[in-house]
2 protein chains.
Amino acid sequence: MTPKPIPRPTDTELEILNVLWLNGASTVKQVHEALSGGSQRGYTTVLKLMQIMSEKGLLERDERTRAHIYSAHCDEEHTQRQLMGDLLDRAFSGSASKLVMQALASREASDEELAEIRQLLNELEGESQ
Amino acid sequence: MTPKPIPRPTDTELEILNVLWLNGASTVKQVHEALSGGSQRGYTTVLKLMQIMSEKGLLERDERTRAHIYSAHCDEEHTQRQLMGDLLDRAFSGSASKLVMQALASREASDEELAEIRQLLNELEGESQ
DNA sequence: ACTTTTCTACGAAAATCTTCGTATCATTAC
DNA sequence: GTAATGATACGAAGATTTTCGTAGAAAAGT
């Protein structure tokens, strides 16, 4: 009855998802080439990873063409929220503010970014009533 | 020559670290009991995990007593920053603001938390000059 | 047609993580 | 001193992730 709980992607899987989010639906070959900066995984390694990711529900596969075309099943923001929420629970006891503190402390955000965040805070505070 | 790069803790290892941060230095027995809410791992499983974590440099071990006493090698905030930075790079292309957005969007922060974050923003903006 | 190229499928090995049973050693209780 | 208890050490199995070699099917080139 449970349809399928899509698992949290592993580090390697996330690399592949990043390519697909950036470049859109792609063949294994395209992903392998896009990845080839540094990673240096064999072609069939990437193929196998993407096949398994399909089985897990992380990717979707269009088999109508000879070179199958893969795309991410979840969009980037959804996955970001999933990973965030996970980390939040596992390492921050669910406290978003602690997490935000560490994020801002560990990386110097640009003034632009700070302004963006401030903007978001205003919106949130507005609607919290 | 490279002394030892402490690896990112796995999910299970993080559970153990959380206990040690919360309760302070502890024996395996204490950790096992603290964990026993729900996790239901055998005693020797926890023992083995903690032994391996020591080898990895995640824990420190005081063997002077019969029941060895373990403590986290890194403090909680350091580890939080490590995990944050990692996620930032792997899933957010290093953009702290995007991450903060998702954090605030995916969990409703209380007004108190929002105020805390606003406070931090003010401090950061002040010192950025 | 047939040879070469370009794919997928499959299986299996290596690496890591998680689990636990058994052995063993030290301490305490009798 | 011997037995019972409480701890660590060790080894090994299971699960998952990552890797890739080989085989075979489909397409393209000649």
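The structure displayed is predicted, hence computed values, not measured ones. Residue numbers start from 1 in every chain, and the chains themselves are labelled A, B, ... in the order their sequence lines are given, proteins ahead of strands.
- Under 4.0 angstrom from either OP1 or OP2 of D/dT8 there lies no side-chain N or O belonging to B/Q51.
- For B/T10, the side-chain atoms get nearest to C/dC17 when compared with the rest of C/dC7, C/dC17, D/dT8.
- In this structure, B/E55 places its CD atom 12 Å from P of C/dC17, rounding to the nearest Å.
- In this structure, CG of A/L59 is placed 13 Å from P of C/dT8, rounded to the nearest angstrom.
- Note: CG (A/D11) to P (D/dT18) measures 7 Å, nearest angstrom.
- For B/T44, the listed nucleotide lying nearest its side chain is C/dG21; candidates were C/dG21, D/dC20, D/dC10.
- Scanning both residues, B/E76 and A/A91, for their nearest heavy atoms gives OE2-O, 4.0 Å.
- Residue B/T12 places at least one side-chain N or O under 4.0 Å from the OP1 or OP2 atom of C/dT18.
- Distance CE (B/M50) to P (C/dC20): 16 Å, rounded to an integer number of Å.
- In this structure, A/D11 pairs ionically with B/R8, as a charged nitrogen and a carboxylate oxygen lie closer than 4.0 Å.
- Using a cutoff of 4.0 Å between basic side-chain nitrogens and carboxylate oxygens, B/E13 and B/K56 are scored as salt-bridged.
- Here D/dA9 presents its C1' atom at 9 Å from CZ of B/R61, a figure rounded to the nearest Å.
- Here A/E55 does not pair with A/R61 in a salt bridge; the nearest charged N to carboxylate O distance is not below 4.0 Å.
- Comparing D/dG6, D/dT8, C/dG11 against the side chain of B/L47 picks out D/dT8 as the nearest.
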